[in-house]
Amino acid sequence: MTMSLDGAVADPERFSALFDAHYEEIRNYIGRRLDLDVAEDLAAETFLIAFRRRDGFDAAKGGIRPWLYGIATKLIGRHRRAELRRYRALARSGPPPDEDAHDQRVVDRVAARVTVQQLSAALAGLSRGERDVVLLVAYGELTYDEVAAALGIAYGTVASRLSRARTKLRDTLGVEV
């Protein structure tokens with residue numbers, strides 16, 4: 001991240017530039033992990049926490065992006081039980097039926113339901129740490145270094161969690177991940 005945004009962390013007058021630069025990305029990450037209606041609130045809370053803790057930001061520990069993803073991931077952790085219930089429910093039932101579908105759309109929905117059910121069950125089968133690493137890499141498109149900074153763990157821990165998760169997902173889904 002640019003030095004100008006690093007400076008925006010400490011300066012309340014310039015913090016809005018940080019919000020403008022990263023809000024959509026953080027909201028989208030949260031929206032992929034939780035319901036979209038929760039994403040708006042948690043993204044706003046992420047930036048509120050970041051603003052309140054701006055004096056504690058240390059660019060030497062990682063950039064702004066990993067710092068924000070770390071805050072967002074911790075907030076998602078508060079909603080962990082709801083997230084797991086959602087994955088388990090999707091694994092059991094899949095997406096709701098599309099009542100207006102014609103034949104091809106019905107076929108597409110059935111195929112999507114199988115995929116959603118399988119992926120949801122596979123994600124629910126991962127440990128919390130494995131799921132966080134997988135979703136930060138997949139949804140947040142963070143590097144291993146950024147994931148390590150976001151979660152406050154070592155680079156090697158990121159690599160080992162991702163390796164274990166890939167093995168579990170490959171075994172569960174029967175595809176290379």
Side-chain angles (χ1 to χ4, degrees), residues 1-90 116 119-120 122-166 169 177:
M1 200 45 49
T2 64
M3 290 306 291
S4 62
L5 280 184
D6 283 347
V9 172
D11 182 355
E13 299 297 320
R14 294 177 45 219
F15 194 84
S16 64
L18 179 95
F19 179 89
D20 292 341
H22 297 287
Y23 176 80
E24 287 296 319
E25 178 181 2
I26 295 298
R27 184 184 55 80
N28 289 340
Y29 168 68
I30 295 168
R32 289 176 174 163
R33 297 280 312 264
L34 301 170
D35 293 333
L36 290 176
D37 58 335
V38 175
E40 290 286 333
D41 292 338
L42 288 184
E45 190 174 347
T46 296
F47 285 91
L48 178 62
I49 290 169
F51 183 78
R52 288 180 178 158
R53 296 182 183 167
R54 67 189 180 279
D55 292 338
F57 173 72
D58 183 0
K61 290 184 179 178
I64 292 169
R65 241 176 118 234
W67 180 58
L68 292 171
Y69 272 101
I71 294 169
T73 299
K74 287 176 185 169
L75 289 174
I76 289 168
R78 292 182 186 168
H79 294 270
R80 182 82 51 214
R81 284 194 295 277
E83 178 184 44
L84 282 175
R85 282 193 301 270
R86 179 173 172 252
Y87 284 142
R88 288 181 179 138
L90 283 172
V116 169
L119 181 58
S120 297
L123 288 171
L126 298 176
S127 73
R128 177 181 57 92
E130 292 165 345
R131 191 171 40 257
D132 284 343
V133 168
V134 165
L135 295 175
L136 281 168
V137 169
Y139 289 162
E141 298 179 1
L142 296 181
T143 66
Y144 285 24
D145 285 328
E146 290 173 325
V147 171
L151 298 178
I153 59 177
Y155 179 95
T157 303
V158 172
S160 64
R161 285 182 184 176
L162 192 56
S163 177
R164 281 194 308 272
R166 283 182 173 150
L169 292 172
V177 288

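Quick note: residue numbers are just sequence positions, from 1.
In plain terms, the two heavy atoms of I26 and A72 that are nearest each other are CG2-CB, 4.1 Å. Nearest approach of A149 to P66, heavy atoms of both residues: CB-CB, 3.6 Å. Here the shortest heavy-atom pairing between A165 and V134 reads CB-CG2, 3.3 Å.
Scanning for side chain to side chain contact (heavy atoms under 4.5 Å, CB included) contacts around A50 gives F15, W67, L68, I71, with sequence neighbours left out. With sequence neighbours excluded, the residues forming a side chain to side chain contact (heavy atoms under 4.5 Å, CB included) with E40 are Y23, R27, listed by chain and number. In this view, R164 and E130 satisfy the salt bridge (charged side-chain N to carboxylate O under 4.0 Å, His left out) rule, not counting sequence neighbours. Residues passing the side chain to side chain contact (heavy atoms under 4.5 Å, CB included) test with D145, sequence neighbours excluded: T143, Y155.
A cation-pi arrangement is absent between R54 and F57, since the terminal nitrogen or guanidinium carbon is not both under 6.0 Å from the aromatic centre and inside a 45° cone about the axis.
A side chain to side chain contact (heavy atoms under 4.5 Å, CB included) with L136 holds for exactly one of V147, V158, L162; it is V147.
Between atom OG1 of residue T157 and atom OH of residue Y144 there is a gap of 12.5 Å, rounded to the nearest 0.5 Å. Within the model, atoms CG of L18 and CZ of F47 stand 5.5 Å from one another, a figure rounded to the nearest 0.5 Å.
The number of heavy-atom neighbours closer than 6.0 Å to CZ of R53, taken from other residues, nucleotides and ligands shown, is 12 or below.
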### From CA spacing to verdict: side-chain contact (heavy atoms from CB on, under 4.5 Å), L135, I76
CA-CA 11 Å; L135 295 175; I76 289 168; over 6 Å; no

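R161 contributes no side-chain N or O that, together with a main-chain N or O of V133, makes up a donor-acceptor pair within less than 3.5 Å. Side chain of R33 to backbone of T73: no donor-acceptor contact under 3.5 angstrom is found.
Between E146 and Y69, every side-chain heavy-atom pair lies at or beyond the 4.5 Å cut-off.
Within the structure, the side-chain hydrogen bond (donor to acceptor under 3.5 Å, both in side chains) test picks out the following pairs touching residues 41-51 (sequence neighbours left out): E45-R78. Legend: salt bridge (Lys or Arg N to Asp or Glu O under 4.0 Å) pairs involving residues 148-158, not counting sequence neighbours: none detected.
Classification of D132 and K74 as a salt-bridged pair fails, no side-chain N sitting under 4.0 Å from a carboxylate O.
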